[in-house]
Enquirer: 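I have a structure I would like to understand better, so I am pasting it below and will then ask my questions one at a time.
Protein chains get the first letters and strands the later ones, always in sequence-line order, with residue 1 at the start of each. All values below come from the heavy atoms of this structure, side chains included, with hydrogens, waters and symmetry mates left out.
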2 protein chains.
Amino acid sequence: MEQISAAATDGYSARQNAVLESALALLVEGGERALTTAGVARAANCSKESLYKWFGDRDGLLAAMITFQSSKVRAEPRPVGEAGLPALRAQLIGIAANLLRVLAGDVSIALNRLAIGQARRDAADLGHLVLEHGRRPIETRLSALLDSGRDGGLLAFDDTREAYATLYGLIVRDRHVRLLLGDSLGDQSPAARAEEAIDQFLRLYGAEETTGPAPERAGAGNERTG
Amino acid sequence: MEQISAAATDGYSARQNAVLESALALLVEGGERALTTAGVARAANCSKESLYKWFGDRDGLLAAMITFQSSKVRAEPRPVGEAGLPALRAQLIGIAANLLRVLAGDVSIALNRLAIGQARRDAADLGHLVLEHGRRPIETRLSALLDSGRDGGLLAFDDTREAYATLYGLIVRDRHVRLLLGDSLGDQSPAARAEEAIDQFLRLYGAEETTGPAPERAGAGNERTG
DNA sequence: ATTGCAGCGTACCGTACCGTACGGTTCTGT
DNA sequence: ACAGAACCGTACGGTACGGTACGCTGCAAT
């Protein structure tokens, strides 16, 4: 009969969560090469034996780090409240800015680098884990919002996945890969970037009745210099 | 006085090119873990001593692999011939499809995985090399085409870099990262994807006079099932 | 108090890899 | 033909890491 702590319901005990946190910090700081079993044990003040008892293997530790991190940032899909184009636009912008912030986060970058570096031609175990826990949530959330916008007559598209993919491309562009490759990329604020991307998306997928969300043409938009 | 072979003008001798080719094949097949100095020497039928004499270091070998691969796929920027929107559109579609094919190539994926996996928080040497040799060429080429289109009154935008970034996002979306993470992603033909992306881009950045390149709305476009 | 267990710290083993050294071989220039 | 260099194949040293074993401490339950 074990006393289950509050955090244990996420799959790991509180102590294990602390160890995973240390491992993530170690990974963020020094990359995969710094993520040795001895290093994790030393940083977390635990023994290597416990690591192997809890996670079975080094790969098990890596997988646990991914699932643990994804469990932390889980945000429940906010129920779509009021209708109307401004509300839809604001919600889209909020999600887009949040997406950009998440993708640029230290831990996200480190975990993506880890999964990509581990990926082989045939087997990409961690990569699939990252896609499952990191991409699917944002896709379902954005897709639901797009569907509701279409049901409300604000958006026009046939294939939700296609519309979502376009939206994702407009928001993220190649910033993610550049960040993964170590590019600093000028510090444009995520909010500004999100707003431009959503307006472009609405120009492409907005319903005909509402000709455009913004009076100015997309091509002539002055990018915010802040 | 060494007899310089034809390929030696690229910076490496023919023998060294063969060795780099073997190294690339090894990397594609087994990932970074398979790219050991002994393995490269065995696969290329050369000695480790020669490897260290030619490339100095393991990192030197990795860097040489990147520059060598980029030197192979160098395509000279075709001079923009005739004007007119159909010609511009066709050229954009061609470049876009080529970009998609290159990004999905085995060697490109393997080298990007290598550079990303090696990247640390502060130092990302290979990453910068990949960005320099892999991204800048396509950016300059596409940007020049966009500028010529604007000069010809076919496109309307203020910031070329901004327009290029949007175009890149519309073309690639998140396919690159998905490929790097090991996702198979349905076999949509690059040509079809390129055509849709370019039409979307022209809807956003086409000059006002030519209201749109395609009569059908972008949102209702039936994706080619081929 | 006693007993058992979970876990910490350390030591240890086998292995794999980077980088270097050495003998033998092939090719080139004279 | 001959000298020299370049190079191949292999062997070796040093190091670092993954995984396991062992002694010890503290806590929890009986």
Side-chain angles (χ1 to χ4, degrees), chain A residues 1-5 7-8 11-27 29-66 113-114 117-118 120 123 125-126, chain B residues 1-8 11-27 29-65 113-114 117-118 120 123 125-126:
Chain A
M1 194 76 58
E2 36 188 89
Q3 172 70 12
I4 298 180
S5 69
Y12 296 108
S13 74
R15 180 79 183 110
Q16 290 166 15
N17 283 2
V19 170
L20 291 175
E21 201 71 53
S22 297
L24 283 175
L26 217 56
L27 176 70
E29 193 54 34
E32 184 192 348
R33 307 299 299 263
L35 199 70
T36 69
T37 55
V40 173
R42 197 179 320 117
N45 282 335
C46 78
S47 70
K48 288 173 65 176
E49 195 169 5
S50 300
L51 288 182
Y52 286 98
K53 175 190 279 287
W54 292 333
F55 309 108
D57 201 350
R58 185 177 185 265
D59 292 338
L61 174 65
L62 304 184
M65 291 167 64
I66 293 177
R113 281 179 180 160
L114 175 67
Q118 268 240 347
R120 308 265 176 282
D125 205 359
L126 293 183
Chain B
M1 196 72 62
E2 37 190 84
Q3 171 69 18
I4 298 181
S5 67
Y12 296 107
S13 74
R15 179 78 183 110
Q16 290 166 14
N17 284 2
V19 170
L20 291 174
E21 202 69 56
S22 296
L24 284 175
L26 216 56
L27 176 69
E29 192 54 34
E32 185 194 347
R33 308 298 300 263
L35 199 69
T36 69
T37 55
V40 172
R42 197 179 320 119
N45 283 335
C46 79
S47 71
K48 288 174 63 174
E49 195 168 4
S50 301
L51 288 182
Y52 285 96
K53 174 190 280 286
W54 293 333
F55 308 107
D57 200 350
R58 184 175 185 267
D59 293 337
L61 173 65
L62 304 185
M65 290 167 66
R113 281 179 180 160
L114 176 67
Q118 273 243 343
R120 308 266 178 282
D125 205 359
L126 294 183

Enquirer: Roughly, in whole Å, what's the span from NZ in A:Lys48 to C1' in C:dA11?
Expert: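 Whole-Å distance recorded here is 10 Å.
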Enquirer: Please report the distance, rounded to the nearest Å, between CZ in B:Phe55 and C1' in C:dG19.
Expert: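 B:Phe55 atom CZ is separated from C:dG19 atom C1' by 16 Å.
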Enquirer: Please report, rounded to the nearest Å, how far the P atom of C:dG7 is from the CG atom of A:Leu51.
Expert: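 Taking atom P of C:dG7 as the reference, CG of A:Leu51 is at 11 Å.
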Enquirer: If you define the side chain from C-beta out and look only at heavy atoms, does anything of B:Leu62 sit under 4.5 Å from B:Met65?
Expert: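 Sidechains of B:Met65 and B:Leu62: in contact.
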Enquirer: Using OP1 and OP2 only, check whether a side-chain N or O of A:Thr37 sits under 4.0 Å from D:dG19.
Expert: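 Result: no.
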Enquirer: Tell me the interatomic distance from B:Gln16, atom CD, to D:dC7, atom C1', rounded to whole angstroms.
Expert: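 It works out to 12 Å between those atoms.
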Enquirer: To the nearest Å, how far apart are A:Lys53 NZ and D:dG18 P?
Expert: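 Going from NZ in A:Lys53 over to P in D:dG18 covers 20 Å.
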Enquirer: Tell me the interatomic distance from A:Arg15, atom CZ, to C:dG7, atom P, rounded to whole angstroms.
Expert: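 My rounded result for the distance is 9 Å.
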Enquirer: Let's see if you can work this out: which of D:dC7, D:dC22, C:dC17 has an atom nearest to the side-chain heavy atoms of B:Thr36?
Expert: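 Of the candidates, C:dC17 comes closest.
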Enquirer: Taking the side chain as every heavy atom from C-beta outward, state whether B:Val40 and B:Ser22 have any atom pair closer than 4.5 Å.
Expert: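 Sidechains of B:Ser22 and B:Val40: no contact.
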Enquirer: Once you round it to whole Å, what is the distance between P of C:dA6 and CH2 of A:Trp54?
Expert: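 In whole Å, C:dA6 P lies 12 Å from A:Trp54 CH2.
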Enquirer: Search all heavy atoms of A:Arg120 against all heavy atoms of B:Glu32 and return the closest pair with its distance.
Expert: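 That closest heavy-atom pairing would be NH1-N, 4.5 Å.
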Enquirer: Write down the distance between CG (A:Asn45) and C1' (D:dG26), rounded to a whole number of angstrom.
Expert: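 Between C1' of D:dG26 and CG of A:Asn45: 15 Å.
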Enquirer: Find which nucleotide of DNA chain D each of A:Ala38 and A:Glu49 is nearest to by heavy atoms, and output the residue with the more 5' nucleotide.
Expert: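 Closest to the 5' end, via its nearest nucleotide, is A:Ala38.
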Enquirer: Restricting to non-hydrogen atoms, name the atom on A:Ala43 and the atom on A:Leu26 that form the minimum distance, rounded to 0.1 Å.
Expert: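 Shortest heavy-atom separation between A:Ala43 and A:Leu26 comes out as CB-CD1, 4.2 Å.
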Enquirer: Which residue lies toward the 5' end of DNA chain D, A:Leu35 or A:Ser47, if each is placed at its nearest nucleotide?
Expert: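 Looking at DNA chain D, the more 5' nearest nucleotide goes with A:Leu35.
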